[in-house]
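Below: the structure, in structure tokens.
Start at 1 and go down the list; that is how both ligands and their atoms are numbered.
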Amino acid sequence: KHKESYAAWLQYTKIDDQAIADKYAQWCRNLTVLGDSAVMESAKKELIQGISSMLGILPDSCSEPQQSGLVLAVKDSIGDLIDVDFNYLHDDGYSIKTVTSGQNNTIFIVGKKDKGVLYGTFHLLRLMQNRKNLKQLDIIENPKNQLRMLNQWDNMDGSIERGYAGNSIFYKDNQFTQEHNRIEDYARLIASVGINGIAINNVNVHQEETNLITSTLLLKVAEVAGIFRAYGITTFLSVNYASTIQIGNLTTADPLNSEVQEWWKEKAEEIYSYIPDFGGFLVKADSEHRPGPFTYGRNHADGANMLAEALQPFNGIVLWRCFVYNCLQDWRDRSTDRARAAYDHFKPLDGQFHSNVILQIKNGPMDFQVREGVSPLFGAMEKTNQMLEFQVTQEYTGQQRHLCYLVPQWKEILDFDTYAKGKGSEVKKVVDGSLFQNRYCGITAVSNIGNDYNWTGHTLAQANLYGFGRLTWNPDLSAESITDEWIGQTFGDDQSVKELVSKMLLKSWSIYEKYTSPLGVGWMVNPHHHYGPNVDGYEYDVWGTYHFADWEGIGVDRTVKTGTGYTSQYFKENADMYESLETCPDELLLFFHHVPYTHKLKSGVTVIQHIYNTHFEGVDEAEDLVETWLQLKDRIDQERFDDILNKLQEQANHSKEWRDIINTYFYRKSGIKDELNRKIYL
Ligand code: GCW
């Protein structure tokens with residue numbers, strides 16, 4: 001039961017087409033693994049599982065290459081079997097080559113290191129799952145990003161902050177679960193798309209989790225790290241900035257205090273005695289009531305560097321989050337702009353961070369909205385390592401009850417040109433380190449999995465996790481190709497399934513945007529849990545997330561001329577574009593400007609008419625999703641079919657709630673009627 005849901009994109013469904021199966025079999029009858037490590041062992045295990053499940057044959061394990069077969073090797077073990085240009089390969093890169101001569105048919109998967117072999121193995125299995133021809137493979141692949149990470153917001157009581165797929169697979173009742181198989185399956189899933197780092201606890205480090213760096217729990221962390229290590233994934237922990245006070249018997253966490261510094265140095269040494277390849281610390285400091293260096297009149301470079309010095313002897317790194325803003329704002333105060341906060345705090349510190357500190361920056365300056373500007377911090381700190389943070393868990397994008405496939409959104413962000421070094425300074429080049437030659441860099445995201453049988457609640461939300469991994473490996477992959485390969489592995493090779501599901505996924509972000517908050521203004525959700533419409537839910541609150549709708553107009557004036565000056569944080573080309581009403585793109589209009597409802601968009605309609613139109617359209621399109629899915633009946637197993645159908649129906653219903661609340665709200669505020677006279681409740 002639920003076998004397909006659980007296996008996600010690693011189903012290795014039996015290949016029914018005998019011609020293809022026979023062809024594959026010529027390479028899969030025997031398997032030679034040259035090199036010995038836990039990671040090589042994982043690659044071998046995966047191949048055996050994939051091959052036996054897809055082809056119904058068990059490959060012979062050989063100690064040296066046979067006439068035909070599969071060979072896995074690393075630089076040190078390949079000898080002169082084939083020629084691989086190792087100068088071109090990065091540590092995680094690989095080459096896959098089909099060698100045919102006479103009766104010999106061999107596929108070589110070669111990495112510089114064992115991790116590359118594992119990635120190459122998953123690549124080959126992906127090709128087979130998508131029924132690709134293996135006859136003339138000559139693939140060479142390097143990941144574009146060095147760090148490709150996930151952050152679990154899991155708490156030790158088993159809950160997951162902003163988790164929409166059940167409870168934690170790591171913890172229960174303030175203890176580690178013993179679900180090692182499940183954790184291993186998670187490691188397989190994420191390694192298969194190239195993830196190489198994971199922080200296993202929530203960035204909000206509460207009391208229990210503060211103890212994760214103490215001896216009893218470190219033993220358990222080490223067990224989990226061992227599972228991930230075998231899949232090339234490095235384990236990190238989120239730490240409590242005030243650990244010296246909470247568990248260290250000190251009265252301060254001042255980063256310049258020598259006892260504090262000493263405590264962390266000893267702590268790091270202790271951690272590495274349990275986990276020799278421990279990745280380092282992820283830190284949320286001075287953010288949303290978490291402790292931090294501000295308490296001691298120190299800045300964030302002081303705080304991050306103190307931890308970096310402790311980790312440095314062990315090659316550990318500090319992932320320091322930039323989500324720092326005033327969360328006790330007064331809505332009456334129009335001069336404070338939360339969007340400015342990260343840049344204002346961090347930009348002046350450029351050049352002061354140690355080389356083993358990376359600033360972890362959310363994609364937008366606010367908080368993972370369906371649409372917002374790109375954070376102006378990207379590219380703004382030439383001398384500082386920067387890492388991009390996405391949110392795979394759908395906090396503000398339908399909470400895995402609505403379909404919202406985020407790959408198109410992430411592509412837009414990665415392709416956004418910052419102009420930091422002139423044209424062609426896209427975000428993806430900032431965070432892959434190529435623009436400023438950083439020592440450390442990469443992309444991270446908040447994971448969307450829990451212990452639900454299908455990992456993600458909504459089965460189609462698996463595509464977000466898959467797509468995130470693939471994009472961190474290579475941000476230049478197109479949304480269409482990622483989507484296509486995911487569907488092939490998840491629902492099989494049926495062309496009509498591919499076409500329809502792909503259409504649904506690729507449109508879903510735009511659909512979700514249409515029936516929720518308009519034109520980049522964000523929020524309008526119910527406080528705390530953030531599900532469902534509530535236009536003024538945060539309007540008179542302390543969080544700095546306002547839309548300022550009145551009877552005349554709506555939007556946040558972030559211009560230099562009349563607003564908060566946020567636009568000036570971008571490089572000139574973007575600053576100018578956003579500053580001017582004429583050039584600001586429609587989809588972000590209300591993020592940057594406060595305009596009357598009668599303001600005409602570039603699309604030709606007024607703001608109010610746009611709100612009405614998109615909300616009616618959004619519901620229609622959500623209903624279309626149901627209709628499209630119904631066409632797939634009998635082409636998808638009953639369980640997943642029904643499951644997804646239920647979710648899509650819930651979404652279509654709930655989208656009406658959004659439509660009506662938003663439309664009525666703005667009709668009441670503006671008194672302006674819908675030109676098309678559709679039903680707006682009074
Ligand atoms: O937007 C907020 C979320 C919090 C989260 C925080 C963060 C982990 O609502 O739940 O806390 O962002 O990113 O730190």
Salt-bridge present (Arg371, Glu412; N to O < 4.0 Å):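 Looking at Glu412 together with Arg371, the answer is yes, because their closest N to O distance falls below 4.0 Å.
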Lys429 bridged to Glu426 by N-O distance under 4.0 Å: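 Between Glu426 and Lys429 there is a salt bridge, with a charged N closer than 4.0 Å to a carboxylate O.
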Do any nitrogen or oxygen atoms of [X] lie less than 3.5 angstrom from nitrogen or oxygen atoms of ligand 1?
X: Glu161; value: yes
X: Asn204; value: yes
X: His530; value: no
X: Arg162; value: yes
X: Lys362; value: yes

Ligand 1 contact by Arg321, heavy-atom criterion under 4.0 angstrom: yes
Residue, atom name and distance, where the atom is the protein heavy atom closest to atom 3 (C) of ligand 1: Glu395 OE2, 3.5 Å
Residue and atom name of the nearest protein heavy atom (relative to atom 1 (O) of ligand 1), distance in Å to one decimal: Asp367 OD2, 1.9 Å
Cation-pi, Tyr325 ring and Arg338 (6.0 angstrom, 45 degrees):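 Because its charged atom sits under 6.0 Å from the ring centre and within 45° of the axis, Arg338 does stack over Tyr325.
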Pair listing, ring-ring contact (aromatic ring centres under 6.0 Å, His included) test, anchored in residues 145-174, at least two apart: Tyr171-Phe176
Residue pairs fulfilling salt bridge (Lys or Arg N to Asp or Glu O under 4.0 Å) with at least one residue in residues 198-212, sequence neighbours excluded: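 Matches after skipping sequence neighbours: none remain.
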Polar contact flag, side-chain donor to acceptor under 3.5 angstrom, Trp658-His615: no
Passing candidate, ring-ring contact (aromatic ring centres under 6.0 Å, His included) with Phe281, options Phe236, Trp264, Trp320: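 Of all the options given, the one that passes is Trp264.
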Atom indices of ligand 1 within 4.0 angstrom of Lys284 heavy atoms, with elements: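 That gives atoms 6 (C), 7 (C), 8 (C), 11 (O), 14 (O) of ligand 1.
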Close-contact set for ligand 1 against Phe323 heavy atoms, below 4.0 Å: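 This gives 6 (C), 7 (C), 12 (O), 13 (O), 14 (O) as the contact atoms.
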Ligand 1-proximal atoms of Val446, by part, heavy-atom distance under 4.0 Å: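 Under 4.0 Å from ligand 1, Val446 contributes no heavy atoms.
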Winner among Glu288, His529, Glu389, Met366 once heavy atoms are compared against atom 6 (C) of ligand 1: Glu288
Test of ring centre spacing under 6.0 Å for His594 and Phe548: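 So the answer is no for these two rings.
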